[in-house]
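Residue numbers begin at 1 in each chain, while the letters A, B, ... track the order of the sequences. Remember, it's a predicted structure, so these values are computed and weren't measured experimentally.
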2 protein chains.
Amino acid sequence: MISGKFAITTHILTLLTKFPNDYLSSEFIAGSINLNPVLVRKEIANLKAHHIVESKEGKNGGTKLAVDASKITLKEIFEMTFENINLGYAKNQPNPDCPVGKKINQNLSSLYADMNQKVSLQLEGITLEDFSNQF
Amino acid sequence: MISGKFAITTHILTLLTKFPNDYLSSEFIAGSINLNPVLVRKEIANLKAHHIVESKEGKNGGTKLAVDASKITLKEIFEMTFENINLGYAKNQPNPDCPVGKKINQNLSSLYADMNQKVSLQLEGITLEDFSNQF
DNA sequence: CATACTGTAATAAAATATATTACAAATGTA
DNA sequence: TACATTTGTAATATATTTTATTACAGTATG
């Protein structure tokens, strides 16, 4: 199972891009995603830590973009929410006394590293503005 | 969380490639992966359904490759265990009355489709033989 | 000073992944 | 034939992760 973080964060940012001059409340955003507002605020906390958005507390508060949508790429969103793409690892430490068990994770990692490079290249070419313009 | 299916199946197939003339037991394979043998047998059932391996029941039974390792690519393993790569979706149906909610999943899907194409191209170029030769 | 927000912690519920137990059926071998 | 070993598969339990909810302190606005 893959968490919805990337999708949720992208959804949030798309909304903020569509209303660049408004402070949107977590309640409003949650209504579009159909998600609990607390979880929206958590993802926003992550975006704030990366200085992508800014929030205002109190009445009529909310969140807006801190950076122009043309300056943010999907790669950055990916990195903020996903770390890196991979096809998974077995849960337990494989048997180090077996030549395959000993190197399997290392070999998978290097496969996944290549994968990330390709995916990153793709995502790097798409700005938040590009993505938002599809709506 | 990403399940270990791809990693586990690749591990199994690497072992079978290393011992192309033997029927390996699920117990033996499980010992290398450090995984419950029942789960190994489940992944093997999947491989059998795809005619990649064959099994023999009873004493001295086990599993061996049914196809030469040079004829199997990581893309096939990927497709048997993962379906397609993506960065996830929000769990709940987004609000269809919001222009963004209405199209977000569709736009994410098309992004992920591109991603799959790139990843597939990479995995297609690596045979099980190639992968196994790294050990 | 009442209202409407954010921020965050604590806890609960739901979903998924992995592990275990159990046993029928198959097959090799003494 | 009888026994041991192995697959195949179902049922159930445990662990982990993801999402949801509740609660409430703090902050800004009017």
Side-chain angles (χ1 to χ4, degrees), chain A residues 1-9 11-12 15-16 19 22-50 52-66 81-83 86-94, chain B residues 1-9 11-12 15-16 19 22-50 52-66 81-83 86-94:
Chain A
M1 191 218 222
I2 291 170
S3 112
K5 276 170 89 87
F6 174 83
I8 289 164
T9 297
H11 194 145
I12 293 169
L15 287 169
L16 297 180
F19 300 95
D22 297 328
Y23 283 93
L24 303 185
S25 76
S26 61
E27 188 85 24
F28 173 82
I29 295 170
S32 172
I33 306 177
N34 189 12
L35 185 74
N36 193 288
V38 175
L39 300 180
V40 171
R41 298 206 283 273
K42 264 187 194 152
E43 294 312 317
I44 285 174
N46 186 28
L47 287 166
K48 280 173 62 181
H50 288 87
I52 303 292
V53 304
E54 54 189 58
S55 295
K56 202 172 67 175
E57 291 186 36
K59 191 165 181 178
N60 302 330
T63 302
K64 69 192 276 293
L65 284 181
T81 58
F82 219 88
E83 305 280 296
N86 66 74
L87 304 180
Y89 297 90
K91 184 187 156 208
N92 304 323
Q93 172 90 51
Chain B
M1 194 217 221
I2 290 173
S3 110
K5 275 169 93 84
F6 174 83
I8 289 163
T9 296
H11 193 146
I12 293 170
L15 288 170
L16 297 180
F19 300 95
D22 297 328
Y23 283 93
L24 303 185
S25 76
S26 62
E27 188 84 24
F28 173 82
I29 295 170
S32 174
I33 306 178
N34 189 11
L35 186 72
N36 193 287
V38 175
L39 300 180
V40 171
R41 299 205 283 274
K42 263 187 192 151
E43 294 314 316
I44 284 174
N46 187 27
L47 287 167
K48 280 173 61 179
H50 288 87
I52 302 293
V53 305
E54 54 189 58
S55 295
K56 203 172 65 174
E57 292 186 35
K59 192 162 179 180
N60 302 329
T63 302
K64 70 192 274 295
L65 282 183
T81 58
F82 219 88
E83 306 279 298
N86 66 75
L87 304 180
Y89 296 90
K91 183 187 155 208
N92 303 323
Q93 171 89 52

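Nucleotide D/dA28 holds its P atom 15 Å from the NZ atom of A/K59, rounded to whole Å. Distance, B/K64 NZ to D/dT7 C1': 16 Å, rounded to whole Å. Spacing between atom CG of A/N34 and atom P of D/dT19 amounts to 13 Å, rounded to whole angstrom units. We find that CG of A/L24 is positioned 15 Å from C1' of C/dA4, with the value rounded to whole Å. Distance A/N92 CG to D/dA15 P: 13 Å, rounded to the nearest Å. Taking atom CD on A/E27 and atom C1' on C/dA4, their separation rounds to 10 Å, with Å as the unit. The CG-P distance, from A/L39 to C/dA9, rounds to 14 Å in whole Å. Atom CZ in B/F28 sits about 12 Å away from atom P in D/dT7, given to the nearest Å.
Considering only heavy atoms from C-beta on, A/L24 comes within 4.5 Å of A/L15 through its side chain. A/Y23 has its side chain within reach of A/E54: a pair of non-hydrogen atoms, C-beta onward, lies under 4.5 Å apart. Residues A/I8 and A/L39 fail the side-chain proximity criterion, which asks for heavy atoms closer than 4.5 Å.
For the atom pair B/F6 CZ and A/N86 CG, the distance stands at 10.0 Å (nearest 0.5 Å).
The nucleotide whose nearest atom lies closest to any side-chain atom of B/S25 is, among D/dT27, D/dT7, D/dT19, D/dT7. Of the candidate nucleotides C/dT8, D/dA20, D/dA4, C/dT8 has the atom nearest to the side chain of A/R41.
Within the 4.0 angstrom heavy-atom criterion, only backbone atoms of the sugar-phosphate kind lie near A/N60; the bases stay farther away. Among the heavy atoms of the strands lying under 4.0 Å from B/S26 are primed sugar atoms or P, OP1, OP2 only; no base atom is included. Backbone-only engagement by A/K56 is indicated by non-hydrogen atom pairs under 4.0 Å involving sugar-phosphate atoms exclusively.
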Q.
What does the B/S/- profile of nucleotides 10-17 of chain C look like, 5' to 3', with a 4.0 Å heavy-atom cutoff to protein?
A. ------SS
Show me, pair by pair, the donor-acceptor contacts under 3.5 angstrom made by side chains of residues 29-38 of chain B, not counting sequence neighbours?
residue, atom, partner, partner atom, Å
B/S32, OG, B/H11, NE2, 2.8
B/N34, ND2, A/Q93, O, 3.0
B/N36, OD1, B/V38, N, 2.9

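Applying the ring-ring contact (aromatic ring centres under 6.0 Å, His included) rule to A/F28 yields no partners; only residues at least two apart in sequence or on another chain are considered.
Between B/T63 and B/A90, the residue anchored nearer the 5' end of DNA chain D, judged by the nucleotide with its closest heavy atom, is B/T63. The 5' end of DNA chain D is approached more closely, in terms of each residue's nearest nucleotide, by B/G61 than by the other of B/A45 and B/G61.
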(Q) Between B/I2 and A/L87, is the side-chain contact (heavy atoms from CB on, under 4.5 Å) condition met? List the steps. (A) CA-CA 7 Å; B/I2 290 173; A/L87 304 180; 5.8 Å; no
